[in-house]
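Scroll down for the structure; my scribbles are underneath it.
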Amino acid sequence: MKRVTRMLPALVALVAATACAAESAPAPRPQASVVPAAAAVAPTPSPSSTETPSGKKIKVGIADITPMGEKTEKVGVGFPIIVTFDRDVKDKAAVEAVLDVESEEPHEGAWRWVSARKVIYRTKTYWKPYQKVLFTARLAELPGNTGAKNVSRRFAVGAKNISVVDTRKHTMKVYRNGKLAKKIPISAGRGGLIRNGVDVYLTTSGVHLTMGKKAMETMTSSWMGVTDPKDPRYYKEEIPWAVRISDSGEYVHQSAGYYQYLGVSNQSHGCVRATPAGAKWFYTIAQRGDVVKITGTKRKLQWNNGWSYWQLNWTQWKKGSALKS
């Protein structure tokens, strides 16, 4: 495996003030069948230094690692490694220095701090498919953290799934390992609802990553403040084959009827609606971290809307590291 390089000074990312662009409730947690490996993360101490039975103090530990381990899921070639600590990290450079990412295929990557407790690893270019990637946090090497245990997790990269959604031509082309696997008629966001200067009915254009999926997702109008069933704008629907691609509520999913618009015009509230057969097929092959590129709308995807980290170029991304080189 080849060890990666690290880069440049810290820049804490701000949460984008994007309005909800789709019909759904907040981002779903992983399904019950998808759970972290029991030994993958360290126990969560209290916010202050924790004293172990041996009398050694732990100043920082890990509360969560995303994605899951190799025995639980395969991930797409765009996947990030998201590490959440159990308390605010005061010396980000020292902590970042003990975080290692090794892969079977050579790559270049860097960490970016997005809050006092969360740091995200992204590669310069997409991961090569069908390989293993090992993340290790050498927490016991941190000064004053000798009571902590080192933590590691191995990821399995699956097929290279890259989908290209053209909202003007109303099509989604899905490429598997570089070859066109399927062309699906779609209907994207129609536009026309302005909130805080943003047309929240438009699908966001940019490089999305798939974040999770549900065979049946409940989507409601509550995201736009409509909760009264008597309101003509109210809806609550069970939508099949829903694959989430942003935090603002965008999915690729089966169209709830209105099939006459698929491949013809944009009529959704921001999601990418697909044919029943196309949506089910896409759901079946979807891995967290797959790439979904959307083009053709005036609404730009913000880099911190979900896992949309590829919206930053490599130079911008590296500026979020706490290390100088």
Residues passing the salt bridge (charged side-chain N to carboxylate O under 4.0 Å, His left out) test with Asp91, sequence neighbours excluded, are none

Would you call the rings of Trp317 and Trp303 parallel, tilted or perpendicular, where under 30° means parallel and over 60° means perpendicular?
perpendicular

Group every Ile, Leu, Val, Met, Phe, Trp and Tyr by side-chain heavy-atom contacts under 4.5 Å, then state whether Leu301 and Leu209 land in the same group.
no

Using the side-chain contact (heavy atoms from CB on, under 4.5 Å) criterion, which residues pair with Lys293? Sequence neighbours excluded.
Tyr126, Ile162, Val207, Val291

Let me see the working for Val119 and Lys92 under side chain to side chain contact (heavy atoms under 4.5 Å, CB included), right down to the final yes or no.
CA-CA 9 Å; Val119 65; Lys92 293 183 175 64; over 6 Å; no

Donor on one side chain, acceptor on other, Glu96 and Ser321, under 3.5 Å
yes

Could you tell me whether the side chain of Thr136 reaches within less than 4.5 Å of the side chain of Glu102, counting heavy atoms only?
no

Would you say the ring centroid of Phe282 lies under 6.0 angstrom from that of Trp241?
no

Students should find that the hydrophobic cluster of Tyr175, defined by side-chain heavy atoms under 4.5 Å apart, otherwise consists of Val164, Leu180

Under the side chain to side chain donor-acceptor pair (under 3.5 Å) rule, collect the residues that match up with Asn150, sequence neighbours excluded.
none

Is there a continuous path of hydrophobic side-chain contacts, each under 4.5 Å between heavy atoms, that joins Tyr259 to Val165?
no

Please list all pairs meeting ring pair (Phe, Tyr, Trp, His ring centres under 6.0 Å) that have one or both residues in residues 73-96, counting only residues at least two apart or in different chains.
Phe79-Trp127, Phe79-Phe155, Phe85-Trp113

The criterion is side-chain contact (heavy atoms from CB on, under 4.5 Å); which residues satisfy it with Val226, sequence neighbours excluded?
Ser221, Met224, Asp231, Arg233, Tyr234

Show, in sequence, the C-alpha distance, side-chain angles and deciding distance for Ser248 and Glu250, and conclude whether the side chain to side chain contact (heavy atoms under 4.5 Å, CB included) test is met.
CA-CA 6 Å; Ser248 58; Glu250 293 165 301; 3.7 Å; yes

Using the side chain to side chain donor-acceptor pair (under 3.5 Å) criterion, which residues pair with Thr66? Sequence neighbours excluded.
Asp64

Using only atom types and a distance under 3.5 Å, with no angle test, would you say the side chain of Arg273 pairs donor to acceptor with the backbone of Ala256?
no

Using a 3.5 Å cut-off and no angle test, enumerate the donor-acceptor pairs between side-chain atoms of residues 181-190 and protein atoms at least two apart in sequence or in another chain.
from, atom 1, to, atom 2, distance (Å)
Ser187, OG, Ser265, O, 2.7
Ser187, OG, Gln267, N, 2.8

Do any pairs count as a side chain to side chain donor-acceptor pair (under 3.5 Å) and have a residue in residues 155-167, sequence neighbours left out, and if so which ones?
Asn161-Arg176, Asn161-Asp290

With sequence neighbours left out, what residues match Phe135 under ring-ring contact (aromatic ring centres under 6.0 Å, His included)?
Trp111

Among residues at least two apart in sequence or on other chains, which ones pass side-chain contact (heavy atoms from CB on, under 4.5 Å) with Gln260?
Tyr258

Backbone N or O of Ser222 within a donor-acceptor pair of the Thr227 side chain at under 3.5 Å?
no

Non-neighbouring partners of Tyr130 that pass side-chain contact (heavy atoms from CB on, under 4.5 Å), sequence neighbours left out
Ala159, Asn177

Using only atom types and a distance under 3.5 Å, with no angle test, would you say the side chain of Arg122 pairs donor to acceptor with the backbone of Leu312?
yes

